[in-house]
Amino acid sequence: MQFHKEREKILIIDFGSQVTKLIGRNIRELGVYSEIINIKDFLKIKEFHLIKGIIFSGGPSSVTSKNHQTVSKKIFEKNIPILGICYGLQLIAKLFGGKIKPSRSTREFGRAFLIKKKSSQLTKDFFKRKTTVWMSHEDAVIKLPKSFKTIASTSNSKLTIIENTKKKIYGVQFHPEVTHTKNGKQIFKNFIFSICKIKKNWNVSSQKLRLINEIRQEIKNDKVICALSGGVDSSVAALLINKAIKKNLICIMVDTGLMRKNEFKSSFDIFKKKYKLNVKLIDASKIFLKKLKGVANPEKKRKIIGKLFIKVFEKEAKKYKNIKYLAQGTLYPDIIESKSSTGSKTSKIKSHHNVGGLPKLMKLKLIEPLKEFFKDEVRILGKSLNLVNEINYKHPFPGPGLGIRIIGEITLEKIKILQEADNIYIKELLKNKLYYKIWQAYAALLPIKTVGVMGDARTYENICLLRAVTSNDGMTADYYNLPKKFLDRISNKIVNNVKGINRVVYDITSKPPSTIELE
Ligand code: XMP
């Protein structure tokens with residue numbers, strides 16, 4: 001259980017909503033420490049004096065079902081302000097004797113219009129008379145619980161915001177944590193500062209020295225090994241550890257040959273020359289290509305790449321004596337996700353490549369300096385560590401790399417073609433100041449050839465697919481609406497400059513139903 005036993009906080013109880021993490025991030029962005037906990041772990045807490053406010057998240061279950069997740073009514077006697085969101089509101093209403101009904105006529109998905117009925121501390125400066133909020137619910141509260149008042153309504157759910165000021169308990173049916181709710185952050189601001197009266201206590205950059213000291217104290221004179229990918233998480237983790245223990249940190253970069261054009265080598269040079277890391281680059285591209293020969297199945301490719309990565313890393317690490325720790329760039333969301341609130345397993349869509357199997361295999365202790373931070377916070381840390389923008393603000397890149405962006409069998413020729421096209425695409429996005437507006441962008445190579453005409457001659461070549469998505473955490477995503485002029489230019493540039501591509505297509509599907517990567 002991750003519950004900091006000294007820090008005052010706003011505690012979020014996760015009932016399984018897809019967007020609970022956004023509540024945590026919203027609070028931290030306001031300068032207040034927040035933690036997300038599942039209901040089982042919540043029951044183990046004894047240090048209630050540290051909890052200045054509680055938020056019940058949304059969730060997929062229904063309070064009308066027999067086995068719904070709930071809290072003990074005793075929680076309302078602790079004099080801690082509580083805000084329920086969606087399922088959280090319905091749970092509060094139920095526990096206070098209100099009535100909740102699953103009904104076709106009350107369900108709302110997407111945009112809804114909220115109309116004010118009464119002023120409240122919770123909604124101060126949130127809206128004047130009407131506003132747009134984001135909804136996602138089947139059930140609705142149809143009878144107000146005793147001693148509660150209605151603050152606002154929509155046409156489908158009359159009890160959209162409710163409050164019991166005496167007990168400092170509030171509920172909202174919509175999701176203030178998502179960006180589609182206009183000015184949603186104001187709800188959190190009012191709740192934590194005016195109602196919970198917590199003071200600002202969270203500033204990511206000021207955590208840097210604490211982290212460095214903690215790492216130093218833990219590791220002392222032992223040695224740490226780190227698989228450095230050149231992505232923001234492992235880079236920030238390595239820089240922090242390096243500040244703490246210098247030469248006792250050994251970084252290994254395994255080049256699978258499935259990286260973007262020149263990017264890996266350029267990151268290696270930056271780590272070595274600018275940050276003076278003890279870093280070694282292992283060129284394993286030939287072995288990867290050999291093992292992948294003839295393999296077209298996405299899951300098989302993923303498993304081969306993941307296993308081989310661990311093998312190569314382990315072999316290299318064995319050359320160093322007396323290593324006690326393995327450093328990983330695990331983030332706070334990874335920790336929350338590994339403890340699902342419902343305990344239910346989500347269905348496996350893809351086998352993710354990660355270094356999770358390494359510590360046990362190599363009998364190493366884990367050091368995970370970023371495990372209390374969200375991605376945006378890691379970037380703030382990265383900035384305070386002077387990490388170059390090209391690494392700190394880099395788009396996420398999957399462990400199997402171009403291996404899952406070359407659809408079907410991987411060959412050296414296809415890698416080269418894709419690297420060229422992808423390089424042109426990313427460079428143009430940067431040049432046109434689009435790169436940082438996009439969560440992730442890449443080019444992929446489709447396994448079909450089509451006919452084209454160039455210089456009056458027939459061509460029969462590959463299709464390049466371009467993808468660019470907006471997202472908060474990769475769980476859901478929408479395609480980015482690239483300007484037509486940009487698409488025109490990029491299509492021309494790729495076809496004119498990359499031998500082997502005669503057609504460019506742009507992927508306009510969201511996630512779900514698609515995924516961000518193609519394999
Ligand atoms: P999907 O394709 O599942 O991707 O929508 C969601 C996010 O995860 C990244 N991704 C991976 N990251 N190892 C990783 O470290 C992997 O095996 C892997 N597969 C997908 C993907 O790039 C996107 O950001």
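Both counts, for ligands and for their atoms, begin at 1 and track the order of listing.
- Heavy atoms of other residues, nucleotides or ligands lying less than 6.0 angstrom from CD1 of I282 number more than 12.
- In this structure the side chain of F397 reaches within 4.5 angstrom of the side chain of R260, judged on heavy atoms.
- For the atom pair R489 CZ and E428 CD, the distance stands at 5.5 Å (nearest 0.5 Å).
- Listed by atom number, the atoms of ligand 1 under 4.0 Å from T515 heavy atoms are 1 (P), 2 (O), 5 (O).
- Among all non-hydrogen protein atoms, the one lying nearest atom 7 (C) of ligand 1 is I516 CD1, 4.5 Å.
- Scanning all protein heavy atoms for the shortest distance to atom 9 (C) of ligand 1 gives H352 CE1, 4.3 Å.
- For the residue pair T450 / R503, a side-chain donor-acceptor distance below 3.5 Å is found, with atom types taken as modelled.
- Within the listing of ligand 1, atoms 6 (C) sit less than 4.0 angstrom from a heavy atom of G474.
- Looking at K511, R467, R302, it is R302 that brings a heavy atom closest to atom 19 (N) of ligand 1.
- Closest to atom 14 (C) of ligand 1, if we only count protein heavy atoms, is G399 N, 3.4 Å.
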(request) For the pair I404 and L518, evaluate side chain to side chain contact (heavy atoms under 4.5 Å, CB included) and give the outcome as yes or no after the intermediate values. (result) CA-CA 7 Å; I404 53 168; L518 301 188; over 6 Å; no
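- For atom 21 (C) of ligand 1, the closest non-hydrogen atom of the protein is E517 OE2, 3.5 Å.
- In this structure, D283 contributes its side chain and S285 its backbone to a donor-acceptor pair below 3.5 Å.
- Taking distance alone, with nitrogen or oxygen atoms compared against 3.5 Å, Q440 approaches ligand 1 more closely than that limit.
- Side chains of S514 and T509: a donor-acceptor N/O pair is present below 3.5 angstrom, by distance only.
- Checking P398, G231, P512 against atom 12 (N) of ligand 1, the nearest heavy atom belongs to P398.
- At the top of the distance list for atom 17 (O) of ligand 1, counting protein heavy atoms only, stands H353 N, 2.7 Å.
- At distances below 3.5 Å, not a single donor-acceptor pair connects side-chain atoms of N213 with backbone N or O atoms of R210.
- Only the side chain of W439 comes within 4.0 Å of ligand 1, counting heavy atoms alone; its backbone N, CA, C and O stay farther away.
- When hydrogens are left out, the protein atom nearest atom 2 (O) of ligand 1 is K350 NZ, 2.5 Å; that is the closest non-hydrogen contact.
- Less than 4.0 angstrom separates some heavy atom of P400 from each of these atoms of ligand 1: 13 (N), 16 (C), 17 (O).
- Evaluated for a ring-ring contact (aromatic ring centres under 6.0 Å, His included) with H395, the options W439, Y425, Y435 yield exactly one hit, Y435.
- Between P396 and ligand 1, not a single N/O pair is under 3.5 Å apart.
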